[in-house]
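Heads up: the structure comes next, in structure tokens.
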Protein chains: 2
Amino acid sequence: MLSGKFAISVHILTLLTKFPNDYLSSEFIAGSINLNPVLVRKEIANLKAHNIVESKEGKNGGAKLSKAAANITLKEIFEMTFENIGLGYAKNQPNPDCPVGKKINQNLDDLYKEMNQKICSQLEGISLEDFSAQF
Amino acid sequence: MLSGKFAISVHILTLLTKFPNDYLSSEFIAGSINLNPVLVRKEIANLKAHNIVESKEGKNGGAKLSKAAANITLKEIFEMTFENIGLGYAKNQPNPDCPVGKKINQNLDDLYKEMNQKICSQLEGISLEDFSAQF
DNA sequence: CATACTGTAATAAATTATGTTACAAATTTA
DNA sequence: TAAATTTGTAACATAATTTATTACAGTATG
């Protein structure tokens, strides 16, 4: 998963923000996203690993935010779900004997690095609380 | 093709910039990218459709820039190869009976729209000539 | 007229993303 | 303590997307 990860995580977290006192089951969440509950649990596992969600097994179990939505920014979520953004690389090793082939990925990297900074500064300004308040 | 399109197009265009007076064959270009020549020709077809490249069939044919590299920005290339950037959507139709499901894609869209603007303004400041000069 | 290209279609292979099934372990509730 | 419900996770299956290959008609060059 790469494309949907951020969107799914934001969706999950928005739901958790809307019900801050409940443990929401993967089945309930999956019903809103229209996604398989196992995939929801996998995303939750990732969010747990990053300490913004906690979960409870067993009957009436589920997931719940482990910190206030006001203290979580979209930037953090972005960083938990994307290595970094970019417009792609040549997948194959470009020809190292060609001056262009030799440096293309490095130069693309530099470009994408700057792109990431801009995006991060945008996302840093939006808290999960802000985002959730739009619903 | 979505991931590699921008990177491949930039690679092609950088080569064309380096040899502004020659028609470069898809085979030559493919040798630098390490990609199948047919895929190179497909990307070139796209660049031709956007009028920044011209090509010649037959012996000693190939592709060539149709305008000065100084007058092509990375933003244009971005727009020729990406619909728009974003961090993905829930692929399935989210549940319209859930207030979050109902609006999630709209709200993500708004977020991504702003992201695109930032990226476009970055890319607009870099010409193909600038980019190619790094090699 | 032989050669070396493009353009494009059709198809295949590889990769990645998404979905499903299954089940052990945990927790609640009766 | 037993039944019910839920997580966590692995293994596997399917679907979608990307990348590669083959093939060949058409076109320009020399």
Side-chain angles (χ1 to χ4, degrees), chain A residues 1-9 11-12 15-16 19 22-50 53-66 81-83 86-95, chain B residues 1-9 11-12 15-16 19 22-50 53-66 81-83 86-95:
Chain A
M1 196 181 301
L2 203 153
S3 62
K5 235 167 133 69
F6 176 82
I8 290 167
S9 291
H11 196 143
I12 293 170
L15 289 168
L16 298 185
F19 299 95
D22 297 322
Y23 283 93
L24 303 185
S25 75
S26 61
E27 184 131 5
F28 174 83
I29 294 170
S32 171
I33 308 182
N34 188 13
L35 192 71
N36 194 287
V38 174
L39 300 179
V40 172
R41 297 205 284 274
K42 275 187 188 160
E43 279 318 304
I44 287 174
N46 182 43
L47 297 173
K48 281 179 66 178
H50 286 92
V53 156
E54 61 192 62
S55 68
K56 202 173 67 168
E57 292 188 35
K59 196 172 177 180
N60 302 324
K64 173 177 173 306
L65 286 184
S66 63
T81 56
F82 259 83
E83 259 89 286
L87 306 176
Y89 298 93
K91 193 175 165 173
N92 303 330
Q93 170 71 42
N95 187 342
Chain B
M1 196 180 302
L2 202 154
S3 62
K5 235 167 133 69
F6 176 82
I8 290 166
S9 290
H11 196 143
I12 292 170
L15 289 169
L16 298 184
F19 299 94
D22 298 321
Y23 284 94
L24 303 185
S25 75
S26 61
E27 184 132 5
F28 174 83
I29 295 170
S32 171
I33 308 182
N34 189 13
L35 191 71
N36 193 288
V38 174
L39 300 178
V40 172
R41 297 205 284 276
K42 275 189 188 158
E43 279 319 303
I44 286 174
N46 182 44
L47 298 173
K48 281 180 66 177
H50 286 92
V53 157
E54 62 192 62
S55 68
K56 202 173 67 170
E57 292 187 34
K59 195 172 178 179
N60 301 326
K64 173 177 174 307
L65 286 184
S66 63
T81 55
F82 258 84
E83 258 89 287
L87 305 177
Y89 298 94
K91 192 173 166 176
N92 303 331
Q93 170 71 42
N95 187 342

task: Would you kindly give the OH-to-C1' distance between A:Tyr23 and C:dT28, to the nearest whole Å?
output: 13 Å
query: Between D:dT22 atom P and B:Arg41 atom CZ, what is the distance in whole Å?
result: 13 Å
- prompt: Can you tell which of D:dG8, D:dA20, D:dT5 lies closest to the side chain of A:Lys48?
  reply: D:dG8
message: Side-chain N or O of B:Lys56 versus OP1/OP2 of D:dT29: is the shortest distance under 4.0 Å?
response: yes
- request: Drop me the distance from A:Ile12's CD1 to A:Ile44's CD1, to the nearest 0.5 angstrom.
  value: 5.0 Å
message: Expressed as a whole number of angstroms, how long is the span from B:Asn46:CG to D:dT18:C1'?
response: 16 Å
message: If you assign each of A:Val38 and A:Lys59 to its closest nucleotide in DNA chain D, which residue comes earlier from the 5' end?
response: A:Lys59
- request: Kindly compute the distance separating CG (B:Leu15) from CD1 (B:Ile33), expressed to the nearest 0.5 Å.
  value: 6.5 Å
- prompt: Is the shortest side-chain N/O distance from A:Ser55 to OP1 or OP2 of D:dT7 below 4.0 Å?
  reply: no
message: Closest approach to the side chain of B:Glu57, judged atom by atom: which nucleotide of D:dT9, C:dT6, D:dT7 is it?
response: C:dT6
Within 6.0 Å of CD in B:Glu27, more than 12 heavy atoms from elsewhere: no
message: From C-beta outward on B:Asn60, which listed nucleotide comes closest to its side chain: D:dT19, D:dG30, C:dT6?
response: D:dG30
- prompt: Do B:Leu35 and B:Glu43 have side-chain heavy atoms sitting under 4.5 Å apart?
  reply: no
query: Can you check the A:Lys42 NZ to D:dC12 P distance for me, whole Å?
result: 13 Å
query: Side chain of B:Ser25: nearest nucleotide among C:dT6, D:dT29, D:dA4?
result: C:dT6
query: Can you tell if the side chain of B:Leu16 reaches within under 4.5 Å of the side chain of B:Leu24, non-hydrogen atoms only?
result: yes
Euclidean distance, atom CZ of residue A:Phe28 to atom P of D:dT6 [Å, nearest integer]: 12 Å
- line: Between CG of B:Asn36 and C1' of C:dG7 the distance, given in whole Å, is 14 Å
message: Without decimals, in angstroms, what is the distance between B:Ile29 CD1 and C:dA4 P?
response: 19 Å
Spacing of B:Phe6 atom CZ relative to D:dT18 atom P, expressed in whole Å: 17 Å
